[in-house]
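Here is the structure we will look at, set down as structure tokens.
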Amino acid sequence: MQVPFIDLSDTHEDLWPQIEVAFKEVFHRGAFINGPATAQLEEEFRRYLGVKHVVGVNSGTDALLLAIKSCGIGQGDEVITSPFTFIATVDTIIRAGARPVFVDIERHTFNLNTDQLEAVTTPNTKAILPVHMFGRVAEMDKLTAYAHQRRVLIIEDVAQACGATFAGKRAGTFGNAGCFSFYPTKTLGGSGDGGAIATDNDEIADRCRRFRDHGKSSANPILHDMIGFNTRLDSLHAALLRLKLPDLDESNQDRVANGLLYNQLLANAPVVCPVIPEDGSHVVNYYTILCDSRDQLQAHLQDQGIGTSVYYPVPHHLQPSHLYLGYRAGNFPVAEEICQQALSLPCYPGMTKRAIETVAGAVCAFYGVG
Ligand SMILES: Cc1ncc(COP(=O)(O)O)c(C=O)c1O
């Protein structure tokens with residue numbers, strides 16, 4: 001049995017009649033940009049998250065960039081983040097003019113190690129940017145307590161954890177801003193690039209809205225009172241996301257069930273399975289194991305027709321574009337080791353039990369366990 005890493009082909013079949021209606025409405029109105037569908041999605045997502053504002057933008061990357069800039073972070077400022085994340089987390093800090101400062105990650109959650117914050121906090125530290133890796137929410141109680149005590153901001157990268165909760169509160173609503181991605185493979189995936197910023201802060205929201213639309217003044221739209229970008233969330237994407245949002249919790253539960261089944265089937269394999277608490281704090285956007293001989297295992301699975309992915313092979317302090325920051329190999333040993341050992345297996349809503357058994361069976365066969 002062939003098992004692709006991600007199969008998006010069937011995802012929208014059931015929704016197709018509603019998609020047709022929603023897309024036709026956008027076409028009939030001709031409101032492809034700045035139309036009602038985007039405003040409606042923002043309102044519905046705002047209510048889902050329980051925040052004051054949601055601002056739709058055209059990617060998770062731009063959500064981060066606009067949030068960072070709207071928090072007033074720029075030249076001379078430092079932002080503490082993880083060296084083990086998608087590159088956009090780090091590059092948006094740099095594009096805003098600030099300096100990323102890394103702390104190592106925890107092996108069992110892949111999230112930044114809160115015990116290391118103190119050692120790197122300086123008078124220039126303006127914010128902490130935790131990433132909820134693979135769908136697992138970072139320790140937001142410790143992070144918010146520390147940020148409050150040191151008077152620094154928190155900007156959450158929720159690209160991989162849309163819908164997750166921590167102590168009953170949605171990820172992306174703990175900090176000053178939460179940055180979401182609607183990239184098609186994310187838990188709330190659209191039909192192209194898309195993203196959103198969630199915040200309770202009126203000024204941050206207003207700045208994000210102005211930044212996304214060429215710096216247009218909120219008081220007088222013929223005036224531009226700042227240098228902005230063109231990064232709006234298109235109506236067709238918003239129309240699809242509106243149809244998928246009501247099913248988000250259920251599809252996340254499906255991801256969790258698939259992850260737990262993997263954990264059960266891989267119990268005898270010499271791999272480290274992710275801890276998946278059943279309290280909503282992990283939505284298993286990517287089911288990622290730690291294993292020895294990772295590249296050989298990946299090749300073995302590929303030979304069996306099973307797709308996998310390596311997130312992420314190189315930690316950011318060692319990426320050529322970040323070497324100017326002055327870090328060296330050995331600075332973040334946990335992240336460096338995980339980059340050699342992490343392998344993400346197929347895990348998506350609607351995946352059959354047989355497909356999961358096939359993948360787990362192939363992993364066990366590679367290591368010679370039953
Ligand atoms: C952790 C993380 N941050 C940011 C992003 C950027 O999101 P986008 O691809 O929508 O720009 C991604 C998406 O891959 C991500 O996984």
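We count ligands from 1, going down the list as the structure has it; atoms in each ligand are counted the same way. Position 1 is the first residue of the sequence; numbering continues from there.
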Axial cation check for Tyr48 ring with Arg170, 6.0 Å and 45° limits: yes
Thr199 versus Asn201, side-chain donor and acceptor atoms under 3.5 Å: no
Proximal ligand 1 atoms for Ser181, defined as those under 4.0 Å from one of its heavy atoms: 7 (O), 8 (P), 10 (O)
Side-chain donor-acceptor pair present, Arg107, Gln341, cut-off under 3.5 Å: yes
Taking atom 16 (O) of ligand 1 as the reference point, the nearest protein heavy atom with its distance: Gln160 NE2, 2.9 Å
Residue Thr89 vicinity, atoms of ligand 1 by number, heavy atom under 4.0 Å: 3 (N)
Under 3.5 Å: N/O of Tyr183 near N/O of ligand 1: no
Shortest protein contact, atom 12 (C) of ligand 1 (heavy atom only): Phe86 CD2, 3.4 Å
Atom indices of ligand 1, in the order listed, that fall short of 4.0 Å to a heavy atom of Thr85: 1 (C)
Contact partition for Met133 relative to ligand 1, non-hydrogen atoms under 4.0 Å: neither
Identity and distance of the protein heavy atom lying nearest atom 14 (O) of ligand 1: Lys186 NZ, 2.8 Å
Tyr348 versus Asn258, side-chain donor and acceptor atoms under 3.5 Å: no
Residue portion contacting ligand 1 (non-hydrogen atoms closer than 4.0 Å) for Thr61: both
Pair Arg210 + Asp206: basic N to acidic O under 4.0 Å: yes
Donor-acceptor pair, side chain of Gln116 and main chain of Asp104, under 3.5 angstrom: yes
Distance filter under 4.0 Å to Val131 heavy atoms, resulting ligand 1 atoms: 1 (C)
Thr121 and Tyr146 side chains, donor-acceptor separation under 3.5 Å: yes
Validation row, ring centre Phe182 to ring centre His237 under 6.0 Å: no
Atom 3 (N) of ligand 1 [closest protein heavy-atom partner, distance rounded to 0.1 Å]: Asp157 OD2, 2.7 Å
Shortest heavy-atom approach to atom 8 (P) of ligand 1 - which of Gly60, Cys179, Ser82: Gly60
